[in-house]
Asker: 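One structure is given below, represented as structure tokens, and several questions about it will come after.
For reference, positions follow the sequence shown, starting with 1. Read the numbers this way: they start at 1 and go in the same order the structure lists the ligands and their atoms.
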Amino acid sequence: MATLDLRSLRLRPGEVRKETLDVELEPFVLGGLRYEVTPDRVPVTLEISQASGATVFDLRFKARLTGACMRCLGYAELERDVSAREFYDPDAPRGDDLRSDYVVNDRLEVGAWARDALALEIPEQILCRPDCAGLCPVCGKDLNVEPHEHTEWEADPRWAALAELRDNL
Ligand SMILES: [Zn+2]
Ligand SMILES: [Zn+2]
């Protein structure tokens with residue numbers, strides 16, 4: 001995981017330092033489906049400054065997720081501009097907002113932070129397009145390719161036996 005050594009920064013008051021790190025982001029598994037993050041190594045920009053005793057970290061990057069549409073299982077991708085801010089004051093108590101959980105032993109865990117920040121940007125549903133029609137619940141065909149409806153009597157043969165049973169009840 002990519003980290004940044006804070007001891008080597010030696011920031012002067014008022015100074016804004018800019019660092020770029022290539023961060024490898026693990027794929028996400030959502031609803032049993034796997035989403036790769038591209039490119040393989042995402043260039044993450046960090047801006048580091050000081051404000052009233054705390055170090056301020058601003059993180060920014062662009063990443064793309066690719067995988068299966070959650071409705072039709074076709075190809076889906078989404079691109080997000082991610083930005084996040086953390087503060088670190090070594091004198092602040094643990095759990096305080098001014099004491100970032102991503103700073104461990106004077107190192108900023110950029111990899112873990114970037115992955116969490118991207119996770120917050122992922123919508124509940126990843127779709128090939130916003131109005132994806134999905135798969136037919138009766139026959140399983142892709143409704144984007146072949147829009148159709150089933151009337152009760154031309155239902156899939158797999159269900160016919162069940163329908164017959166129901167009619168005899
Ligand atoms: Zn779809
Ligand atoms: Zn169908």
Side-chain angles (χ1 to χ4, degrees), residues 1-4 18-49 56-88 95 97 99-104 107-169:
M1 277 280 186
T3 62
L4 180 76
K18 211 168 179 171
E19 300 274 345
T20 306
L21 279 88
D22 282 339
V23 176
E24 214 172 312
L25 294 168
E26 292 282 309
F28 289 86
V29 177
L30 307 162
L33 300 167
R34 187 182 162 95
Y35 295 89
E36 301 284 340
V37 183
T38 52
D40 271 359
R41 301 181 71 81
V42 180
V44 170
T45 306
L46 270 176
E47 267 185 20
I48 307 127
S49 56
V56 185
F57 303 101
D58 281 296
L59 165 132
R60 201 173 289 275
F61 65 95
K62 196 187 276 265
R64 187 187 302 195
L65 283 185
T66 58
C69 169
M70 289 179 176
R71 276 189 205 150
C72 74
L73 302 179
Y75 175 79
E77 64 174 29
L78 69 103
E79 202 172 85
R80 283 291 180 272
D81 285 306
V82 180
S83 61
R85 172 174 284 179
E86 288 283 322
F87 298 94
Y88 184 67
D97 277 351
R99 187 160 172 166
S100 173
D101 293 334
Y102 297 110
V103 177
V104 178
R107 298 189 80 90
L108 177 67
E109 298 190 329
V110 183
W113 180 21
R115 194 169 191 279
D116 289 349
L118 176 57
L120 291 175
E121 295 287 331
I122 299 176
E124 215 161 289
Q125 288 221 295
I126 297 177
L127 302 175
C128 58
R129 57 173 207 239
D131 60 346
C132 171
L135 300 177
C136 172
V138 176
C139 70
K141 282 184 184 157
D142 188 342
L143 291 171
N144 299 304
V145 180
E146 215 178 300
H148 64 278
E149 279 174 31
H150 294 270
T151 62
E152 199 181 341
W153 297 111
E154 53 142 2
D156 186 281
R158 282 175 295 176
W159 300 106
L162 208 65
E164 206 171 296
L165 204 68
R166 187 192 55 201
D167 290 346
N168 292 333
L169 287 178

Asker: Nearest 0.5 Å, what's the CD-CG distance between Glu86 and Asp97?
Answerer: 8.5 Å
Asker: Evaluate the criterion side chain to side chain donor-acceptor pair (under 3.5 Å) for residue pair Tyr75 and Glu77; output intermediate values, then yes/no.
Answerer: CA-CA 7 Å; Tyr75 175 79; Glu77 64 174 29; 2.7 Å; yes
Asker: Check whether any side-chain heavy atom of Val44 lies under 4.5 Å from a side-chain heavy atom of Val82, and answer yes or no.
Answerer: no
Asker: Do the non-hydrogen side-chain atoms of Val103 and Phe57 ever get within less than 4.5 Å of each other?
Answerer: yes
Asker: Within less than 2.8 Å, report the number of protein N/O/S atoms around the Zn ion (ligand 1).
Answerer: 4
Asker: Cut-off 3.5 Å, no hydrogens considered: what does the side-chain donor-acceptor table look like for residues 132-143, sequence neighbours left out?
Answerer:
residue	atom	partner	partner atom	Å
Asp142	OD1	Asn144	N	2.9
Asp142	OD1	Asn144	ND2	3.0

Asker: Determine whether Leu30 and Met70 make a side-chain contact, defined as any pair of heavy atoms from C-beta on separated by less than 4.5 Å.
Answerer: yes
Asker: In terms of side-chain geometry, is the basic nitrogen of Arg107 or Glu109 positioned less than 4.0 Å from the acidic oxygen of its partner?
Answerer: no
Asker: Restricting to under 2.8 Å, identify the protein N, O or S atoms around the Zn ion (ligand 2) as residue plus atom.
Answerer: Cys136 SG, Cys139 SG, His148 NE2, His150 NE2
Asker: Less than 4.5 Å apart, side chain to side chain, heavy atoms only: is that true for Leu46 and Leu108?
Answerer: yes
Asker: Which pairs with one or both residues in residues 20-33 pass side chain to side chain donor-acceptor pair (under 3.5 Å), sequence neighbours excluded?
Answerer: Glu24-Arg41
